[in-house]
Amino acid sequence: MTGGTGPSRPAELGPGLPAVQLAPLLAQFAAVARLEHVTQAAALLAMPQPTLSRSVARLEAELGVGLLVRQGRTVRLTRAGRLLLASVERALGEVERGVEAARAEADPTSGRVAFGFLHTMGTDAVPVLLRDFRAAYPQVRFQLVQDYVGAMLDRLRAGELDVCLVAPLPEDDPALAARRLDEQRLHLAVPADHRLAGRRRIRLAEVALEPFVGLERGYGLRAITDGFCAEAGFVPRIAFEGEEAETLRGLVAAGLGVALLPPALVPRPGVVELEVTAPRTRRAIGLAWVAGRALTPPAAAFRDFVLSRRGRLLAHD
């Protein structure tokens, strides 16, 4: 024999299985076992004594073993009863801790918000949002998730995230609610020695034959880039794909292509940013959440706070 109980595993669920059939009776059994008195246990549980007695008898019948020995008005545990009680107490303790954790998530002053956002929002807009929100709600905790739009929206639908800061907005999905917050200009980033680097403004069609560097498919900025190029009458020839805007900026600096990117917070050596006059290369940024699904108080407070920043999300742009 080996010591220990081994790793815990989820109980099997289904008609007639112990976890489903016996769970409602176990807390009642634990009350009788702790107090060693059926009448006192019935008073503790606010239920009639005959009902409690029948519940314990049913539990014994289901298990096929006696759990209690009656001694006048009191009871004592059999050996089988003591073995069962030890497991029941652990299970009830876990349930209590789980309930406390679930309630803590929803505490309006110290709960947790699962917040997803674009990689390009993580260096400026998101830190400012969190700083300003925490000034009013200093104890609220955050789970921060940076990912591409498709993956974040999947996690939002699955309940893993409360709200997401996204671009483009999922306006065609009836399962999601979305509100436009701001508009961000996209510049054409070109190498410093590029033939157009001395210009301030260009039309996107002027780089139709140039190699582009872009984010991988599935990223919102990639879809937006493809859309603007289509408006300009061409399909971009993607020479390199990446997952981070700053990586693309580095590829541009190395002379490997041009890219449509949000404005750099700090100028990147070797890169010149040009304003695009046609088409109007701006992307809408907004907040999304699941329509009809109630948010916890801290998540609702954060959503309302972000929505109140409409038009002021991108102070640097």
Side-chain angles (χ1 to χ4, degrees), residues 116-126 146-154 164-172 180-286 313-314 316-317:
F117 54 92
L118 303 167
H119 287 89
T120 51
M121 297 284 101
T123 56
D124 183 30
V126 166
Q146 292 175 271
D147 212 332
Y148 65 93
V149 171
M152 283 198 300
L153 294 180
D154 286 343
C164 290
L165 197 62
V166 295
L169 277 64
E171 296 173 316
D172 296 330
R180 184 185 180 115
L181 293 173
D182 218 332
E183 195 175 67
Q184 185 177 48
R185 187 194 311 269
L186 298 179
H187 291 155
L188 185 75
V190 302
D193 59 356
H194 191 274
R195 61 184 176 83
L196 299 173
R199 302 258 300 271
R200 292 183 59 189
R201 300 178 182 86
I202 65 160
R203 292 174 294 105
L204 195 57
E206 294 182 65
V207 290
L209 301 180
E210 302 273 352
F212 273 69
V213 296
L215 297 180
E216 296 176 355
R217 292 192 180 277
Y219 284 77
L221 185 57
R222 172 62 180 274
I224 291 169
T225 295
D226 290 348
F228 283 138
C229 290
E231 283 188 56
F234 69 97
V235 175
R237 180 165 57 88
I238 304 295
F240 293 90
E241 293 181 327
E243 297 180 347
E244 293 277 356
E246 288 309 306
T247 299
L248 300 187
R249 224 178 290 276
L251 295 174
V252 172
L256 298 175
V258 301
L260 275 177
L261 294 172
L265 296 179
V266 178
R268 177 70 178 256
V271 176
V272 174
E273 295 186 353
L274 307 176
E275 180 182 346
V276 181
T277 58
R280 186 171 177 267
T281 54
R282 289 179 174 268
R283 65 172 178 172
I285 296 173
L313 184 68
L314 303 171
H316 64 275
D317 189 16

Evaluate Leu261 against Glu273 for side-chain contact (heavy atoms from CB on, under 4.5 Å), listing each step before the verdict.
CA-CA 9 Å; Leu261 294 172; Glu273 295 186 353; 5.8 Å; no
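- Checking side-chain atoms of Arg203 against main-chain N and O of Thr277 turns up no donor-acceptor pair under 3.5 Å.
- The shortest side-chain heavy-atom distance between Gln146 and Phe117 falls under the 4.5 Å cut-off.
- Between the side chain of Gln184 and the backbone N or O of Ile285 there is no donor-acceptor pair closer than 3.5 Å.
- Contact check for Pro262 versus Met121: no side-chain heavy atoms found under the 4.5 Å cut-off.
- Annotation for Met152 and Leu118: closest pair CE-N, 3.9 Å, computed over non-hydrogen atoms.
- Looking at Glu183 and Arg280, a side-chain N of the basic residue comes within less than 4.0 Å of a carboxylate O on the acidic one, giving a salt bridge.
- When side chains are defined from C-beta on, Leu260 counts as touching Leu204, because their heavy atoms get closer than 4.5 Å.
- Between Arg180 and Glu171, no side-chain nitrogen of the basic residue sits less than 4.0 Å from a carboxylate oxygen of the acidic one, so the salt-bridge criterion is not met.
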Between Leu313 and Leu165, does the side-chain contact (heavy atoms from CB on, under 4.5 Å) criterion hold? Intermediate values first, please.
CA-CA 11 Å; Leu313 184 68; Leu165 197 62; 4.1 Å; yes
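- Partner of Arg222 under the salt bridge (Lys or Arg N to Asp or Glu O under 4.0 Å) criterion, out of Glu241, Glu216, Glu243: Glu241 alone.
- The side-chain heavy atoms of Val207 and Phe212, taken from C-beta on, include a pair separated by under 4.5 Å.
- For the pairing with Leu188, the side chain to side chain contact (heavy atoms under 4.5 Å, CB included) check across Val252, Thr281, Val258 returns one residue only, Val258.
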For a salt bridge (charged side-chain N to carboxylate O under 4.0 Å, His left out) check, start with the C-alpha distance between Glu206 and Arg195, then their side-chain angles and the critical distance, and finish with the verdict.
CA-CA 11 Å; Glu206 294 182 65; Arg195 61 184 176 83; 5.6 Å; no
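- To the nearest 0.5 Å, the span separating CD on Glu246 from NE2 on His119 amounts to 12.0 Å.
- If you take CG on Leu314 and CG on Asp182, they are separated by 4.0 Å, rounding to the nearest 0.5 Å.
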Please lay out, stage by stage, how Leu221 and Leu186 fare under the test side-chain contact (heavy atoms from CB on, under 4.5 Å).
CA-CA 10 Å; Leu221 185 57; Leu186 298 179; 3.9 Å; yes
